[in-house]
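These notes are about the structure you will find just below.
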Amino acid sequence: MREWQARYNARMPLCFDLFTLLPDVCVAYTRESILKRAQESGLVTIQIHNIRDYAEGKHLTTDDLPYGGGGGMVMKPEPVFAAVEAVLGGGPERAAAPDGEPFVETQAEARPAVPVILLTPQGRVFTQAVAQELAQRERIALICGRYEGFDERIREHLATDEISIGDYVLTGGELAALVLVDAVTRLLPGVLGDPTGALDDSHASGLLEYPHYTRPPEFRGWKVPEILLSGHHARIEAWRREEALRRTYLRRPDMLAAANLSEEERQFIAELAKASTEARAHE
Ligand code: ADE
């Protein structure tokens, strides 16, 4: 049985452990709306751990100057290792061979079951497919950096994965971790009121989503497309699919190559392309 099926059958929540130097920021977001309800329903747990609680010395220092010089501060390894090992277990003692052989395993090898994910701009890019992959796990640890970066030993010997939410640089990993927690949680069975909600999402089907309308049928003279008021479900479905194709073609043509399209749909895209070439020729 897959990890998530066992978890779901046993009514076990997906457990996030978020390690950060800004716990208040993370707590605030996870206490609202759908994430709040998902926790109350026991579908997910989100534990937020302050890395500074595991720092030592009078000043509870979590950063230091980079060896070799250069600007910026580097996140020290000791408090990050201590925090993750206190929460997830592990550490050199536990992983050491029982016959007294020297410790050779990395943390990643000693603790394969729980992914330990660093949020950095250098990681693999977070997509809906990665969210779906993570939604299958039982427990996920997320480490948020501050300062210029992590001491490389955190990357090499503690993390099992590294994720970026896009090609830009934030001041820390907190927003990225919250993006990940949010996108993964809403995929868990039972989290969204409408169980089909996540299926039509932009990106879930490989296409952008069709346009949505609600009441009133006319607002400032702008009308809701007639077809949506017709009650004709098959025609509405066909209209929505065409609009999703049109929108994807116009805004994200790069997504079309990987999308699962019928011969008819490919034909529809070819016609859109032809029409836009002709329109450009008449400009
Ligand atoms: N930390 C700083 N920038 C980031 C990014 N783009 N993704 C994930 N974590 C980050």
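Side chains included, hydrogens not; waters and symmetry mates left out as well; all remaining heavy atoms used. Note that ligands are numbered from 1 as they come in the structure, with each ligand's atoms numbered from 1 the same way.
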Check your understanding: So does Arg153 have more than 12 non-hydrogen atoms from other groups sitting under 6.0 Å from CZ?
Key -> no
Review point. Given Leu272 and Arg246, is the side chain to side chain contact (heavy atoms under 4.5 Å, CB included) satisfied, shown in steps?
Key: CA-CA 8 Å; Leu272 289 179; Arg246 187 191 316 279; 3.6 Å; yes
Practice item. Kindly determine whether Ser276 and Tyr249 satisfy side chain to side chain donor-acceptor pair (under 3.5 Å), including the steps that lead there. Key: CA-CA 11 Å; Ser276 75; Tyr249 169 75; 3.2 Å; yes
Review point. In the protein, which heavy atom is nearest to atom 7 (N) of ligand 1, and how far is it?
Key: Ile165 N, 3.0 Å
Point to revise | Heavy atoms from other residues, nucleotides or ligands near OH of Tyr29 exceed 12 (cutoff 6.0 Å) | key: no
Check your understanding: Between atom CG of Leu192 and atom CG of Leu43, what is the distance when rounded to the nearest 0.5 Å?
Key -> 10.5 Å
**Study point:** Contacts of type side-chain hydrogen bond (donor to acceptor under 3.5 Å, both in side chains), residue Gln39, not counting sequence neighbours
**Key:** none
Check your understanding: Which ligand 1 atoms, with their elements, are less than 4.0 angstrom from a heavy-atom of Gly166?
Key -> 6 (N)
**Study point:** Proximity flag Ile163 to ligand 1, non-hydrogen atoms under 4.0 Å
**Key:** yes
Check your understanding: Could an N or O of ligand 1 be found under 3.5 Å from any N or O of Thr171, whether backbone or side chain?
Key -> no
Exercise for review: For ligand 1, find out whether one of its N or O atoms is nearer than 3.5 Å to an N or O atom of Leu170.
Suggested key: yes
Point to revise | Of the listed options Gly149, Gly172, Gly145, closest to atom 1 (N) of ligand 1 (non-hydrogen atoms) | key: Gly172
Review point. So which protein heavy atom does atom 8 (C) of ligand 1 come closest to, and at what separation?
Key: Ala176 CB, 3.3 Å
Exercise for review: Measure the distance from atom 6 (N) of ligand 1 to every protein heavy atom, then report the residue, atom name and distance (to 0.1 Å) of the closest one.
Suggested key: Tyr168 O, 2.8 Å
